[in-house]
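Report on the following structure.
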Amino acid sequence: MACPECGDALLPHDRALRCGSGHSFDIARQGYVGLLTGASTKMTGDTADMLDARAAFQGAGHFAPITEATARAFAADPRAEFRADTATRPAQPTAAPASTDPARDRSSACRSASTAPDISAVLEIGAGTGYYLAALLDTHPGAFGIALDVAKPAARRAARAHPRLASVLADAWRGLPVRDHSLTGVLSVFAPRNPAEVARVLAPGGRFVVVTPTTRHLGELIGPLGMVRVDPDKDRRLAEALSGTFTRTEHTLVEFPMTLSRTDVTNVVAMGPSAFHSTPADDPRIAALPESTEVTASVTVSTYRTTG
């Protein structure tokens with residue numbers, strides 16, 4: 001970690017992180033460290049209710065193929081045999097009851113991922129609950145992770161996500177509080193990115209893995225429930241933002257059906273940007289849905305390496 005005030009290395013000292021210049025940042029009793037400095041950030045983070053809904057939806061295992069594909073992107077050989085053969089073609093719905101143990105779900109989802117000895121330190125930007133980073137750490141026993149988010153409720157929750165995960169409250173657009181070329185991986189799942197800062201903190205040969213939704217993602221719900229639509233130019237804008245700094249080395253479509261209950265639908269609406277515009281728990285359109293609805297999950301998982 002790097003001091004957000006002067007850039008010097010931060011080292012633990014009692015219940016704080018301190019740099020050689022004397023700047024000190026307390027570790028909150030909830031387990032995260034706050035590295036937001038200066039004026040209030042203009043970034044809007046997720047609310048506690050949004051994170052509760054996301055944790056419930058993730059804990060039910062609905063996005064397991066996305067988790068698996070993300071772990072595979074960091075594997076020693078991304079083409080190696082992997083349990084998530086469903087990650088690149090439609091998955092079959094399962095009749096198994098949803099688990100209430102996210103750690104068990106992550107372990108099951110990523111059990112056969114190839115470990116990557118070159119992945120030792122990974123940062124997730126906009127980590128939210130820490131679910132995806134925790135799953136990645138499950139497949140890399142020697143690695144440690146940094147979950148960065150601008151929202152305090154997210155920092156609190158991520159601090160409990162994994163024993164080898166450090167939770168940091170910071171604004172990625174103000175600069176990543178990480179030393180130059182110190183990370184072997186950076187992950188961004190449905191989150192904003194700061195390409196220049198990612199390039200700065202990645203070590204030579206490090207990987208930047210980006211997960212973005214396609215226009216088909218949750219398509220069966222977007223119209224009927226008035227959810228926020230995915231920008232059809234999202235992939236093009238991502239490519240433009242990273243061009244000149246990164247070269248894309250892998251690009252995988254992850255698309256599969258999910259069978260969702262009304263509770264699941266309520267959670268998937270409540271956990272995303274649509275929650276800022278509605279109250280899903282009281283939405284009569286959700287109550288009018290059948291007991292179970294088949295919904296498409298569709299994302300791309302792209303791996304980038306720094307150019308030059």
Side-chain angles (χ1 to χ4, degrees), residues 28 30-36 41 43-71 73-74 100-103 105-106 109-110 122-138 144-174 176-178 185-194 197-198 208-213 217-218 227-228 230 234 254 264 266-276 280 297 299 301:
Q30 295 92 344
Y32 70 92
V33 61
L35 298 183
L36 279 173
T41 178
M43 295 295 293
T44 301
D46 294 336
T47 67
D49 287 344
M50 292 170 70
L51 290 157
D52 287 344
R54 188 172 306 149
F57 191 83
Q58 291 169 337
H62 297 299
F63 279 174
I66 300 174
T67 305
E68 296 161 2
T70 301
F74 282 102
T100 57
D101 183 352
D105 289 324
R106 293 196 315 264
C110 300
V122 182
L123 166 72
E124 183 177 4
I125 301 173
T129 64
Y131 173 78
Y132 295 100
L133 180 56
L136 180 60
L137 295 177
D138 283 344
F144 68 89
I146 302 169
L148 185 146
D149 205 286
V150 74
K152 277 188 180 181
R156 292 171 182 147
R157 187 179 284 275
R160 308 190 302 268
H162 198 281
R164 286 182 279 114
L165 184 155
S167 181
V168 175
L169 180 69
D171 182 353
W173 290 107
R174 290 186 178 179
L176 298 173
V178 178
V186 176
L187 174 63
S188 172
V189 183
F190 306 144
R193 297 156 293 278
N194 187 334
E197 279 293 281
V198 172
F208 182 26
V209 175
V210 181
V211 181
T212 56
H217 188 57
L218 308 180
M227 296 174 65
V228 175
V230 175
K234 199 174 188 71
V254 183
D264 294 327
T266 299
N267 285 331
V268 83
V269 176
M271 74 186 195
S274 296
F276 290 116
V299 304
V301 179

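Bear in mind the structure is a predicted one, so any value in this text is a computation, not a measurement. Only heavy atoms go into these numbers, but all of them, side chains included; no hydrogens, no water, no symmetry mates.
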Does any non-hydrogen side-chain atom of [Y] lie less than 4.5 Å from one of [X]?
X	Y	result
Val299	Phe63	no
Thr212	Phe190	no
Ile146	Leu165	no
Leu169	Arg156	no
Pro213	Lys234	yes
Ile125	Asn194	no
Val211	Tyr132	no

What closest approach, in Å, do [X] and [Y] show between heavy atoms, and which atom pair accounts for it?
X	Y	value
Ala127	Ala147	CB-CB, 3.6 Å
Thr67	Ala135	CG2-CB, 3.2 Å
Ala270	Met50	O-CG, 3.3 Å
Asn267	Ala56	ND2-CB, 3.6 Å

For Thr129, side chain to side chain donor-acceptor pair (under 3.5 Å) partners two or more places apart: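 Scan of Thr129 (side chain to side chain donor-acceptor pair (under 3.5 Å), adjacent residues dropped) gives Gln58.
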
Working to the nearest 0.5 Å, report the span between CG of Asp264 and CZ of Phe57.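 So the gap between those two atoms works out to 6.0 Å.
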
Considering only NZ, NE, NH1 and NH2 on the basic side and carboxylate oxygens on the acidic side, decide whether Asp46 and Arg54 come within less than 4.0 Å.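 Yes.
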
From CA spacing to verdict: ring pair (Phe, Tyr, Trp, His ring centres under 6.0 Å), His162, Phe144: CA-CA 9 Å; His162 198 281; Phe144 68 89; over 10 Å; no

